[in-house]
Amino acid sequence: RSVNVVAFGNERDGFSEDNQQPSLIWSYLRRNALISQIDSSLSGSHVGSPVFTEYQACIFGNVRLVVHDCPVWDIFDSDWYTSCRLIGGADIIVIKYSVNDKTSFQELKDNYVPMVKKALNHCSVPVIISAIGARKNGVPCTCPLCTSDRRSCVTTSEGVQLSKELRATYLELHTLNDFYIQKYFGGVLEYFMIQSLNQKSCEKMKKRKRTQKCHRVQPPQLEQPEKMPILKGEASHYNADLHNLLCCCQCADVAFYPEDLSSVVEAHKIILCSVSHLFMLLFGVKSPSNAHDTATVQLAQSLFAVEMWDPFPSSHSDVPPCVPPVRVVVKDSVFCSCLPDILHFIYSGAFQWERLEEDIKKKLKDPDKTEHMLEKVKCILKTPGKINTVKDCKSHQMKQLYNTSLRLFFNTPLLADVIFKIQGTTVPAHRAVLVARCEVMAAMFNGNYLEANSVLVPVYGVSKDTFLSFLEYLYTDSCCPASILQAMSLLICAEMYQVMRLQHICELYIITQLQSMPSRELASTNLSIVNLLKKAKFHNSDCLSTWLLHFIATNYLIFSQKPEFQELSVEERNFVEMHRWPSNLYLKQLADYRNYIHSQKCHCTVM
């Protein structure tokens, strides 16, 4: 007998200085007198990084207790399969959050609760929501890239409302002491454990009674269908792509010079403006009159001077003139010497703050100058109106930068230097992002092709909505197809432009959607699985085509009745017949068993 518990969320507020504080799950396991033989291990997703801790122990004497503690909600973004597998095998789900971390709670409510509800798929798994910590008037957030207001706490009514959405039990644990952990949280958790064990015992007893009703001749045993091939996702190389853009200096449209013009450092306006309001002011994306922070305006004027140049031609022009990069003179010589390190920090994802500190310390070799330089960097990157200090710039607080900030420039004419013409409409874009994220577009815009010298680029063979979804992935490293057909269209577009990771994401989406379809829906749907199979083969999606063949074979009784089944090739038909479920042997044994029951004039309790 066993009980599986899955816990999601972080009970720490992310800004607490006590990073060694034990987690709720670990505190419960090590303090409970009913639990013995505790063992723990770190487990990872297909991308290789540890995402949850697995605890194994014994409870109630001989009941095996397995707990998966996932403090990071990113598992739903990076590894949907693992998160669905954990929830699908759970007997109890625990969701934790800190009452002093309003931003994390809001992200949980908006982004991850819908995913949890979808993964549960109407299952009657008990859910416990634990609001942890005593509410306090916190210090305003000082992270330079944070746009949230953490001064407000998560109220009890907000937690209760969330529990109503998930039909969960709501608990408030003001501190992780023995009373709240053992008697309050532990009491509720152990109640659900006992309920789960009772339910499993009843189901086991019913199954045993059914199998004992017919003693003379046992019906044939239906084996489980063959395991379908598992598709593993590809790790994101989003930050590496943008960092390589800086190293190769393709499509650079900004050149930074010292006052004596003795050297040059090239960069890209779209990347700089996506992370800094100061650069937005510098390159005219925002005007000083719209700036909410006068300190940012003053810093821009004291650090940089932009040389005037002719504006970019109208978007209706087909061939742009040879426009040199915008020349920016860096007035501060010390800042100019550190500029390459700062740009590498920005282009690598702007979350390696400690490494930037070390690089500037080695270069300046003066603590006061180093601190002054870091203050300038924080002022460049900060959100207007927020206070920033060096000690609050930790790597884990600065992770999601580009995939949220570059979204601001997706499908907008701001700083756009290329326009795609598709289905009679136009879509603005930025060459730097396209070249960094897509090798086919890098060759197209930098090689001896017509598109290299054109502003207006026609696109054929793909719809506008599909192409917009493709561009959205290039800008944000994420995509959310609305249907299986849209995912297949996006997969075809990804294959056309050789973006393999997007192709794998679409494959995983199609597989997940088909696996979640009940048999009745599969039998009645107008979606042609055979047509999906042919498209997958034609567009070199070998993993998806192999999986679809196994899917058809596993659901043989459904698909063999559909007209589209006749469209399978001879080779495909032979594969399906060989791996069909149930097999011909089982059907023959079942027919023999029926004949025996009929001849004996017995009542078949199985059929």
Geometric class of the F409/H430 ring pair [parallel <30°, tilted 30-60°, perpendicular >60°]: perpendicular
Distance from Y473 atom OH to L502 atom CG, nearest 0.5 Å? 5.5 Å
Any donor-acceptor N/O pair, T512 side chain to L508 backbone, under 3.5 Å: yes
Just by modelled atom types, is the V457 backbone N or O under 3.5 Å from a matching donor or acceptor in the S454 side chain? no
Taking the side chain as every heavy atom from C-beta outward, state whether V330 and P258 have any pair of such atoms under 4.5 Å apart. no
Do V326 and E307 pass the side chain to side chain contact (heavy atoms under 4.5 Å, CB included) test, and can you show the C-alpha distance, the side-chain angles, and the key distance before you say yes or no? CA-CA 7 Å; V326 176; E307 294 190 2; over 6 Å; no
Side chains of L303 and K376, heavy atoms from C-beta outward: is any pair under 4.5 Å? yes
Please check: side-chain N/O of E572 versus main-chain N/O of S569, any donor-acceptor pairing under 3.5 Å? yes
Between A252 and P325 the two heavy atoms that sit nearest each other are O-CG, 3.8 Å
Answer yes or no: is there a donor N or O on one side and an acceptor on the other, between the side chain of K363 and the main chain of S337, under 3.5 Å? yes
Quick one: are E507 and S541 in side-chain contact, heavy atoms under 4.5 Å? yes
For the pair D366 and K361, find out whether any cationic side-chain nitrogen is under 4.0 Å from an anionic carboxylate oxygen. no
Can a donor-acceptor pair be found between the side chains of S98 and D101 at a distance below 3.5 Å? no
Given 3.5 Å as the limit, does a donor-acceptor pair link the side chain of Q503 with the main chain of A494, or not? no
Electrostatic pair R501:D477 at N-O distance under 4.0 angstrom: yes
Value for CD1 (I552) from CG (L522), rounded to nearest 0.5 Å, stands at 10.5 Å
Should the pair F470 and Y497 be assigned to parallel (<30°), tilted (30 to 60°) or perpendicular (>60°) ring geometry? parallel
I'd like to know if the side chain of T426 reaches the main chain of I422, judged simply by a donor and an acceptor atom lying under 3.5 Å from each other, with no hydrogens or angles considered. no
Apply the test side chain to side chain contact (heavy atoms under 4.5 Å, CB included) to residues R327 and V306: give CA-CA distance (whole Å), side-chain angles for both, the deciding distance (0.1 Å), then the verdict. CA-CA 6 Å; R327 292 166 60 112; V306 180; over 6 Å; no
Where do C493 and F467 come nearest, in terms of heavy atoms and distance? SG-CD1, 4.4 Å
For F335 and F304, take the angle between the two ring planes, folded into 0 to 90°, and tell me which bin it lands in: parallel under 30, tilted 30 to 60, perpendicular over 60. perpendicular
Between S469 and Q486 the two heavy atoms that sit nearest each other are OG-NE2, 3.6 Å
Electrostatic pair K102-E158, nearest N-O below 4.0 angstrom: yes
Heavy-atom side-chain contact between L450 and N453 under 4.5 Å: no
Taking atom NZ of K331 as the centre, report whether more than 12 heavy atoms of other residues, nucleotides or ligands fall under 6.0 Å from it. yes
Test salt bridge (Lys or Arg N to Asp or Glu O under 4.0 Å) applied to R431 and E451, step by step: CA-CA 11 Å; R431 291 174 189 258; E451 292 84 357; over 6 Å; no
CG/L339 to OH/Y257 distance, rounded to the nearest 0.5 angstrom? 13.0 Å
If every non-hydrogen atom of V254 is compared with every non-hydrogen atom of H268, which pair is closest and at what distance? CG2-C, 4.3 Å
Which heavy atom in C249 sits nearest to a heavy atom in E266, and how many Å separate them? CB-OE1, 3.6 Å
Plane angle bin for H243 and H344 - parallel if under 30°, tilted between 30 and 60°, otherwise perpendicular: tilted
Crowding at NE2, H372 (>12 non-hydrogen neighbours, <6.0 Å): no
If you look only at distance, which donor and acceptor atoms sit under 3.5 Å apart when one is on a side chain in residues 458-465 and the other is two or more places apart or in another chain?
residue : atom : partner : partner atom : Å
S463    : OG   : T466    : N            : 3.3
S463    : OG   : T466    : OG1          : 2.9

Ignoring hydrogens, what is the shortest heavy-atom contact between L272 and A267? Give both atom names and the distance. CD1-CB, 4.0 Å
NZ (K369) with more than 12 external heavy atoms under 6.0 Å: no
In terms of heavy-atom contacts, does CD of Q513 have more than 12 from other residues, nucleotides or ligands at under 6.0 Å? yes
Find the distance between CG (L514) and CG (L527) and round it off to the nearest 0.5 Å. 6.5 Å
I'd like to know if K378 and E375 make a salt bridge, using a cut-off of under 4.0 Å between side-chain N and carboxylate O. yes
Is a donor on one side and an acceptor on the other found under 3.5 Å between the side chain of E495 and the backbone of L491? no
Given side chains that start at C-beta, do those of E439 and Q498 come closer than 4.5 Å, heavy atoms only? no
For the pair D253 (side chain) and K269 (backbone), establish whether a donor and an acceptor sit closer than 3.5 Å, ignoring hydrogens and angles. yes
Is R407 positioned over the aromatic face of Y475, cation under 6.0 angstrom from the ring centre and no more than 45 degrees off axis? no
